[in-house]
Amino acid sequence: MDPIVATLVILLCAVIAFVSNRIPLGVVAVGVSVALYLTGVLDLGSALAGFGDPTVLFIASLFVVSEALESTGIIAWAGQEVVAHSGTGRRRLLLTIGLLTAAMTAVISVNGSVASLLPLVVVVAARAGIRPSQMLMPLAFSAHAGSMLTLTGTPVNIIVSEVATDNGARPFGFFEFALAGLPLLVGTLAIILLLGNRLLPERTPASAPIDLERLASLLRTDYALAPDRALVSASRGVAEVVVPPRSSLIGLHVFPGMCTPSGDLVVLGVRRGQEALDESGTDLQAGDALLLDGSWDDLQRHTSQRDEVLVVDAPLTLRRSVPLGAGAKRTAVILLAMIVLLATGIVPAAIAGLLAAGALILTRVVSMTQAYRAISWTTVILVAGMIPLSTAFQETGAAQLIADGLRSFLGDAGPHAAVAVIVLITLVLGQLISNTATVLIVAPVAVALAAAMDASVLPFLMALTIAGAASFLTPVATPANLMVMEPGGYRFGDYARFGWPLTVLFFVVAVFYVPLIWPFTG
């Protein structure tokens, strides 16, 4: 089979698989690499080159940094501090959360910031008497705008910077994305504040995340504890567990104040049904609930033995809600050092990320188990598997063929029209499949089209990046959109209703504003 035909067929099959949502993204991506080898389009080294690509390693390292920021309570602290000074007014809260989300996204990526702030936003909304549906979609969309502030905002930024370098242009600077990102953020926040109340639904979600303060108050009442007792701190916490049938703990005599058999935890209280038992204690029965006190590490280790107890609220989840826990200072220093390395370009981005991730592990802020668990392997494998398809587009001439077709279609139209076509293609594909995969597919075409017009590749790639960030019209466009769907009680059509004004904004900035900053003749 002709290599160009084979490449296009593989692309078509990949898009169909992505849209069907029946095959895991990682399987599709790996399948693309394998198909490119089996059809002879790429040799084995090229087909699997994505798995050793510096871009992939950099993306993986950022997930470890994100885990450190979340697990040490830096994110919880930042969120609580900012929200505490913003009052309870809807617009002021939305503005504050939008700015906080954008700033965090610039450092730890869209998905990381949304996942970290989602529980806080729901709790703040409840305390302010605002429906979560009025705040969670703005949370996700503010993150998309914030992803355009720095190189680390999203894997797409890293990819297009690498593409620029591979095609003879300079890489984009760490803060250079902000030249487009700041107008996008301002416009996004303006749309959220002016139109959000009318375009967003008023719905109550089926479930809500943990409110740590409310939970502590309930536990004190349920277990008849002293009201002034601090149940959680940076180093210690509590875990509520239930004794399941056939547990080895059944029959053990327990009472408030005793140590558990391991000696690591203390029993603060015991409940049987609706009754809190007194100091005389009882022999444990199936269904009894215990409130345990101990260090966060001991709580996590002992409650993970599911044959002995069932955990009501996982200690790891509660720990992330405690501001500025153990390792916060080390994490802040390492994060600052990574940003300095990235901003100055002293070392390649992948090295800066790997140094930061390694430092967090060596200083015991993050364990190896945490690091492995924190990495979104779906994202890593998706990028690694789709990079060879991007390579195949260039090497086989498929990208040039498509670019020539677009050039013929555009006729005498200038580079603005060419950028508009690239942006439209990206906007459509990006609502149906991963925006990362979309950019990897469209980037070679954008590069070839820029060359065909004797134009600089930089405005094409920056416009492509903006279009990739405009994932507003469907919940499946990005994991962040999907994260807020259930907590916000959203339906599929809600995204398009609120997303269209933002999509228009991103289109206008990409097509008309970007060439002013990155000229076609540069």
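Bear in mind that the values here come from a model prediction, so they are computed numbers and not experimental data. All residue numbers in this chain count up from 1 along the given sequence.
- Using a 4.5 Å heavy-atom threshold, the side chains of Asp264 and Arg301 count as touching.
- Taking every heavy atom of both residues into account, Gly98 and Leu189 meet most closely at CA-CD2, 3.8 Å.
- Panel note: side chain Ser147, backbone Val110; no donor-acceptor pair is recorded below 3.5 Å.
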Next on the checklist: side chain to side chain contact (heavy atoms under 4.5 Å, CB included) for Phe172 and Asn157? Distances and angles first, verdict last.
Outcome noted: CA-CA 9 Å; Phe172 290 107; Asn157 297 1; over 6 Å; no

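- A distance-only check finds no donor-acceptor pair linking the side chain of Thr55 to the backbone of Ile159 [under 3.5 Å].
- Nearest heavy atoms, Gly269 versus Pro256: CA-CG, 4.4 Å.
- Side-chain contact annotation: Asn435 with Thr438, donor-acceptor N/O pair under 3.5 Å absent.
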Checklist entry - Between Leu117 and Ile97, is a side chain to side chain contact (heavy atoms under 4.5 Å, CB included) present by the stated rule, with each step listed? => result CA-CA 9 Å; Leu117 289 176; Ile97 290 171; 5.5 Å; no

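- Minimum interatomic distance between Arg330 and Val365 (heavy atoms only, all atoms of both residues): CB-CG2, 3.8 Å.
- The shortest distance between side-chain heavy atoms of Val232 and Arg236 does not fall below 4.5 Å.
- Taking 4.5 Å as the limit, every side-chain heavy atom of Val311 sits out of range of all side-chain heavy atoms of Val242.
- The line from CD of Glu176 to CE of Met462 is 5.5 Å long, rounded to the nearest 0.5 Å.
- To the nearest 0.5 Å, the span separating CZ on Phe506 from CE on Met148 amounts to 8.0 Å.
- Checked by atom type and distance alone, the side chain of Asp293 never pairs as donor or acceptor with a backbone atom of Leu231 at under 3.5 Å.
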Next on the checklist: Run the side chain to side chain contact (heavy atoms under 4.5 Å, CB included) test on Val266 and Leu292 for me, step by step, so that the C-alpha distance in whole Å, both residues' side-chain angles and the decisive distance to 0.1 Å come before the verdict.
Outcome noted: CA-CA 6 Å; Val266 176; Leu292 305 175; over 6 Å; no

Next on the checklist: Please evaluate residues Thr150 and Thr152 with respect to the criterion side chain to side chain donor-acceptor pair (under 3.5 Å), reporting the C-alpha separation (whole Å), side-chain torsions for both, the decisive distance (0.1 Å), and the verdict.
Outcome noted: CA-CA 5 Å; Thr150 66; Thr152 55; 3.2 Å; yes

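- Atom CD of Gln370 sits about 5.0 Å away from atom CD of Glu67, to the nearest 0.5 Å.
- Looking at Arg272, its side chain never comes within 3.5 Å of a backbone N or O of Leu277 through a donor-acceptor pair.
- With Thr72 contributing its side chain and Ala68 its backbone, the two residues share a donor-acceptor pair below 3.5 Å.
- With a 4.5 Å cut-off on side-chain heavy atoms, Val238 and Leu219 count as touching.
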Checklist entry - Where do Leu291 and Val267 land on the side chain to side chain contact (heavy atoms under 4.5 Å, CB included) test, with the steps shown first? => result CA-CA 6 Å; Leu291 186 64; Val267 177; over 6 Å; no

Checklist entry - Can you check ring pair (Phe, Tyr, Trp, His ring centres under 6.0 Å) on Phe141 and Phe472, steps first, answer last? => result CA-CA 7 Å; Phe141 290 179; Phe472 302 121; 4.8 Å; yes

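- Between Pro475 and Phe492 there is a side-chain heavy-atom pair separated by less than 4.5 Å.
- No donor-acceptor pair under 3.5 Å is formed between the side chain of Ser247 and the backbone N or O of Val309.
- For the residue pair Tyr223/Glu240, the side-chain donor-acceptor check at 3.5 Å is satisfied.
- Interatomic distance, Arg497 CZ to Leu195 CG, rounded to the nearest 0.5 Å: 10.5 Å.
- The backbone N or O of Ser295 sits nowhere less than 3.5 Å from a side-chain atom of Asp298 that would complete a donor-acceptor pair.
- Looking only at distances, a side-chain donor or acceptor of Thr96 sits under 3.5 Å from a matching main-chain atom of Arg92.
- Of the possible polar contacts, none joining the Ser471 side chain to the Ala477 backbone as a donor-acceptor pair under 3.5 Å is found.
- Using a 4.5 Å heavy-atom cutoff, the side chains of Met338 and Val65 are in contact.
- Closest non-hydrogen pair, Leu193 versus Leu94, comes out as CD2-CB, 3.9 Å.
- Residue Leu184 comes nearest to Leu505 through the heavy atom pair O-CD2, 3.9 Å, listed as atom of the first residue, atom of the second, then distance.
- No option in Thr188, Thr154, Asn481 other than Asn481 meets the side chain to side chain contact (heavy atoms under 4.5 Å, CB included) test with His144.
- Here the straight-line distance linking atom CG of Asp494 with atom OG1 of Thr474 works out to 12.5 Å at 0.5 Å rounding.
- Annotation: side-chain hydrogen bond (donor to acceptor under 3.5 Å, both in side chains) contacts involving residues 374-385, sequence neighbours excluded, comprise Ser376-Thr379.
- Across all their heavy atoms, Ile192 and Ser142 have their closest contact at CD1-OG, 3.5 Å.
- Remark: Leu99 CG to Leu95 CG distance equals 4.5 Å, nearest 0.5 Å.
- For the pair Phe177/Leu149, no side-chain contact is recorded, criterion being any heavy-atom separation below 4.5 Å from C-beta on.
- The backbone N or O of Phe58 lies less than 3.5 Å from a partner atom in the side chain of Ser61, making a donor-acceptor pair.
- Taking the side chain as every heavy atom from C-beta outward, Val124 and Leu93 approach each other to under 4.5 Å.
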